[in-house]
Amino acid sequence: MDGWWKKNPHFVEYMIHEGTAVFVAAYALTLLCGLVRLGQGEAAWNAWLEALKSPFSLVAHVVFLAAIAYHAFTWFKLFPLTMPPMVVNGKKVAPEVMVNTGLAAAVAAALALLGFVWRIAA
Amino acid sequence: MSDTQKIIEIEVLRYNPESDQEPHSQVYKVPFTDDMSVLQGAQYIKDNFDGSLTYRWSCRMAICGSCGMMINGVPKLSCETFLRDYYPNRIRIEAMAHFPIEKDLVVDLSGFMEKLEAIQPYIIPKEPRTLEQGEYIQTPSQFAEFIQYTSCINCTLCYAACPQVGLNPDFIGPAAIALAHRYNMDSRDGGQAQRMELLASEDGVYNCSAVGYCSEVCPKHVDPGNAVNVNKIHAAKDYFLRFLSPKGGSK
Amino acid sequence: MEIYKADVVIVGGGGGGLRAAIAVAEADPSLKIALVSKVYPMRSHTVAAEGGAAGVKKPTDSFDYHFHDTVGGGDWLVEQDVVEYFVQNAPKELIQLEHWGCPWSRTQDGHVNVRAFGGMKIERTWFAADKTGFHILHTLFQTSIKYPSIERFDEYFCVDLVEEDGRVQGVVAVEMATGEFTLIEGKSVIIATGGAGRVFRESTLGGIVTGDGMALAYRHGVALRDLEFVQYHPTCMPVTGLLFSEACRGEGGYLVNKDGYRYLQDYGLGPLQDKPKNKYMELGPRDRVSQAFWYEQQKGRTIEGPLGSVVHLDLRHLGEAYLHERLPLIYEMAQTFMGLDPAKDPIPVRPGVHYTMGGIQTNGKGATSLAGLYAVGECASVGIHGANRLGSNSLTELLVFGRAAGEDAVNYIRNVTPGNSANLLKQAQEVEARMCALKNKTGGTERISTIRKEMAQAMEEGCGIFRVEETMQKTCDKIAELRERFKNITIDDKGSVWNTDWLSAIELDYQLDVAQAMAHSAVNRKESRGAHQRLDGPNGAYKERDDVNFLKHSDAFYVPGCAPKITYGDVKITKSPPAARVYGAAGEQADQERKASNV
Amino acid sequence: MKNTKIRKRSNAPIFWGLFGGGGMLAALFGPMLVFITGLAIPLGLLLPADTMSYAKMLAFAQNILGKGFIFAVIALFMWHAAHRIFHSLHEFGVHAGTGCKLLTYGVAFVSTIVAAVILLGL
Ligand SMILES: Cc1cc2nc3c(=O)[nH]c(=O)nc-3n(C[C@H](O)[C@H](O)[C@H](O)COP(=O)(O)OP(=O)(O)OC[C@H]3O[C@@H](n4cnc5c(N)ncnc54)[C@H](O)[C@@H]3O)c2cc1C
Ligand code: SF4
Ligand code: F3S
Ligand code: FES
């Protein structure tokens, strides 16, 4: 089984989308740091915010963004595989429709989140 | 055979347990016409060059499920794969991945058959009926629930495609799980709880990591990967709700 | 040598064998059943059947109609009492299969649907899209797993029967994966090895359909009955012989010649109908439709191309959506194997060998003349198909007679004592020695594939849709020559593991026997009936049906090293005296007359 | 019928459930969260400058819903990632020993505890 995942473009893609997990973890740990700092008081929190501004952090977050966006995309692309078939009027819904529904939900959720954050901030 | 006869090179992974230590490749130059399948290419070799070349086949119409092999690394039915689509390149055929090779292109399917038997692939009637009562009634939507999963021809291409089968040979695997799902979803059947025991076991659905290649190679559009993944949901429900349900779910 | 002791040995894991196995298991769970098959059961050629299985279903239909369709369809060469049993049990068996999970196609209100089929007066063909055989086989196979008393010997190749005290007592089989011989003892043996169509060239049959069981019974002295009747299916893919089911026509497809003309109206199947009408035009019986092709070819009205002469099967007017729903496999096959779209292009087709009407002679329960030996399915001649099988009768036959034979075998063995194992083993060892000698023989020069090709060529020439003495005799001579040359074959593979080279030589040996019986039965039948059509005789006398001399079954008996001995046996007539076999408008008139005379 | 082998029920539903929940959460909100915390705030884009000020974040983290959200994001992201990485290690041929489990589920577990303790302490 050695190197099986190199044998076929399907497997390479699979490994890439599985690989996004590393970035999800990295980002979650970043947030966990923030939470720890929040618990330590205002100065610590501000230092964390400052650290986020470092070029290293910015670059890292661009990478996180790309990886997690790809994760989101592939997550919904796998819907026809992972979700029970959607049946409307006794007919199976086409796979593309399932994928697109998922993607639309993701866009809506992201915008809702942005709107929500904006509202508490303002 | 006219002058314009095209010749394709077929590289076959040969293995004879009685004389070979290791599988080895052998290349044959096969004259072919555009309507010839890879299976017919193999038959040409057996008939004309070497009668000891061994492979399974029967129907040559993609319905008996015998003739699966790796064709340039991809699991395919050789009777519905055509030489013309590879020409002028060499074509490489090998035994299906993830199965022990018995000889040349023939693999040992006994493990697969055991899995197939283990999932109890028969109606366990929900409400038994006598012949005098006639057929069960199934509405179009009840029919639509399971019919897709009945199309499996047991070609095992999905096993050759699934890396998790390669990593854990005990994994029940896509086709057998799809067959369990086929019966579970049938309105005539009431055996889901019995089958769940196996699906939810350590050899069951959670071995699948949603690679999805099984469904991609399936020649009959069974979408076995979907059956496996949907049953993760069923098995999880069963796991968490078993304490609530009066029967206690399956063990 | 391994020894396994069973009560009932079933050779063949197709529809017939599986149904028989289940019948035995249900009749008496204490009996041990050995189910021997040279392929995994679900690979058996039943898997390829497309169109459907006949059984009375509609309120407007009746057993009587099914009976008359079958008897007339077989040109009266049928056992009418057996047909009676058949039509009455057909619906029960089809419902049983439904209870076991067969996904029959359904009507909107959830009942099983039926479709029209050639030569059937009323729609009574139960179908599962156009994969009926596939679904029947998988349903039976999966159901068989439920019974612990069925012990499967998958990929075991049966090489002989063993008999003692005048009764069959088991089989000798080779485990293909190892080359090991096993003696499987049984008080009864049921042969269900399918047809023999592979003795021809262009055929709808899979590579495993080599008539093994027929040859085995034949060599043990059982007659092969009515073997001259070989069905040509009119709509096959040129060269490969892959089948476009009769369901294509049942659903409304047309057959047209090179002028786009629906030529069947010229051959006693008219007048022209727009919609499919039972027993008219495209829904005529197979022998007639295939013969019409031959006449069109003689008249130069077929389409000539690189694939030989063809006519067109036109499905375009049915529309893509309907084709996908009713004929999905056909659709896919046309796309994959011919690169055309049946919703847009007509499909080139020609007749191909499809079915052996005759086979191992049995009574109405599948029992043969050798005590303990039964035969069911396409290898058997239970007497319902006569000179021409109606499409969709044979899948039902597997069920009805599979069960009957299974149950009868159970009754039979109640009164049988176990055999003398030592003698059986000795016989089995002799079989092993003979088989191994074939494998280990050196110095041969004939390639298996050459003999096989020449046999198929000869059979096609002599035993085609239309036959004459001269070519049939040539075929007989050719087969005799090939029998001789077979002694000088060479087998490349000398190994034990998975030696398909050797096994295909054994199959070829079987095929030559069956081919020989076919050709000799054919040349001896000096009349035209059903699928056996002659163009010769003094003043063309053999062109007509001859009830005086030939309303008789032919029985071919094995004579080692010589041509078979052909004798003739009576046909059982109960309520349908032989009459003119007519379809289309003439058929309808004849039906009415028969009705009028009955009241 | 020959189903004689006794098979143990798998405990995977727990891990698989956490994996699925995290994957879904990350697909729906992940990209936007990264954008907000990692790019928009540090770079002063789009959102008011004090969106993530100490006061606002503390208030958010003290709110019961806010607590829940933070906890869900950190913990579920970690479990999602842990599950995938664990499987990938197996797929690369690093065989699922205790070491692998510690490295993946162990880290997720510790992160979950840390997050919970801090959030409860705020
Ligand atoms: C393309 C096609 C379409 C058809 N469509 C229809 C239809 O629509 N309706 C209909 O009624 N009929 C149809 N028929 C006919 C019908 O399908 C067959 O007559 C029937 O399926 C034969 O079943 P069987 O059980 O007799 O044999 P098979 O299914 O052929 O099984 C034979 C079994 O015997 C075993 N066997 C053979 N030799 C040996 C040996 N030496 N040792 C061990 N095992 C052996 C094989 O492994 C196999 O398991 C069709 C046939 C074809 C080819
Ligand atoms: S699910 Fe598809 S690929 Fe797998 S065995 Fe069945 S038909 Fe073949
Ligand atoms: S390829 Fe294997 S991992 Fe799952 S989705 Fe298919 S079974
Ligand atoms: S030969 Fe039957 S599937 Fe290919």
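The chains referred to below are lettered A, B, ... by the order of the sequence lines, with proteins before strands, and numbering in each begins at 1.
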Portion of [X] that has a non-hydrogen atom of chain B nearer than 4.5 angstrom:
X	value
C:F134	side chain
C:W100	backbone
C:W104	backbone
C:V497	both
C:H45	side chain
C:E93	neither
C:I448	neither
C:R106	side chain

Out of [options], which one racks up the most heavy-atom pairs below 4.5 Å with chain C?
options	result
B:Q142, B:R182, B:R60, B:M61	B:R60
B:Q43, B:E80, B:K46	B:K46
B:I153, B:T139, B:N16	B:I153
B:N48, B:L53, B:L116	B:N48

For [X], which atoms come within 4.5 Å of any heavy atom of chain C: side chain, backbone, both, or neither?
X	result
B:T130	backbone
B:K220	side chain
B:I147	side chain
B:E102	both
B:F143	side chain
B:I124	neither

Kindly compute the distance separating [atom1] ([X]) from [atom2] ([Y]), expressed to the nearest 0.5 Å.
X	Y	atom1	atom2	result
B:C64	B:W57	SG	CH2	9.5 Å
C:L35	C:F141	CG	CZ	9.0 Å
B:Y159	B:F112	OH	CZ	5.0 Å
B:T54	B:K103	OG1	NZ	3.5 Å

Which residue out of [options] racks up the most heavy-atom pairs below 4.5 Å with chain B?
options	result
C:V239, C:L307, C:L329, C:T204	C:T204
C:D154, C:T450, C:D109, C:T336	C:T336
C:S496, C:G495, C:A177	C:S496
C:K453, C:M333, C:H138, C:R452	C:H138

Polar side chain donor-acceptor pair, [X] to [Y], under 3.5 angstrom:
X	Y	value
C:N113	C:T107	no
C:S105	C:R326	no
C:S504	C:E507	no
B:N226	B:Y149	yes
C:K38	B:S58	no

A quick test of your reading: do over 12 heavy atoms of other residues, nucleotides or ligands sit less than 6.0 Å from NZ of B:K76?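 No, because the 6.0 Å sphere around NZ of B:K76 holds 12 heavy atoms or fewer from other groups.
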Hey, could you give me each pair passing salt bridge (charged side-chain N to carboxylate O under 4.0 Å, His left out) that has a residue in residues 131-149 of chain B? Not counting sequence neighbours.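 For residues 131-149 of chain B, and leaving out neighbouring residues, the salt bridge (charged side-chain N to carboxylate O under 4.0 Å, His left out) pairs sorted by first residue read B:E135-C:K57.
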Could you go through the ring pair (Phe, Tyr, Trp, His ring centres under 6.0 Å) check for B:Y44 and B:F49 one step at a time? CA-CA 8 Å; B:Y44 190 92; B:F49 302 145; 5.7 Å; yes
Stepwise, does the side-chain contact (heavy atoms from CB on, under 4.5 Å) test hold for B:Q133 with B:E127? CA-CA 12 Å; B:Q133 286 171 295; B:E127 291 167 25; over 6 Å; no
Do the side chains of B:K6 and B:D34 get close enough for a salt bridge, i.e. N-O under 4.0 angstrom?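 Yes, this pair counts.
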Between B:R195 and B:D189, is there a salt bridge with N-O shorter than 4.0 Å?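 Result for this pair is yes, salt bridge flagged.
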Contacts of C:Y331 that satisfy ring pair (Phe, Tyr, Trp, His ring centres under 6.0 Å) - sequence neighbours left out: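 C:H324.
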Qualifying residues under side chain to side chain donor-acceptor pair (under 3.5 Å), relative to B:R188, sequence neighbours excluded: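 In terms of side chain to side chain donor-acceptor pair (under 3.5 Å), with neighbours along the sequence ignored, B:R188 is linked to B:D186, C:E98.
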Sorted by number, residues from residues 20-29 of chain B in contact with chain C (heavy atoms, under 4.5 Å):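 Contacts with chain C: none.
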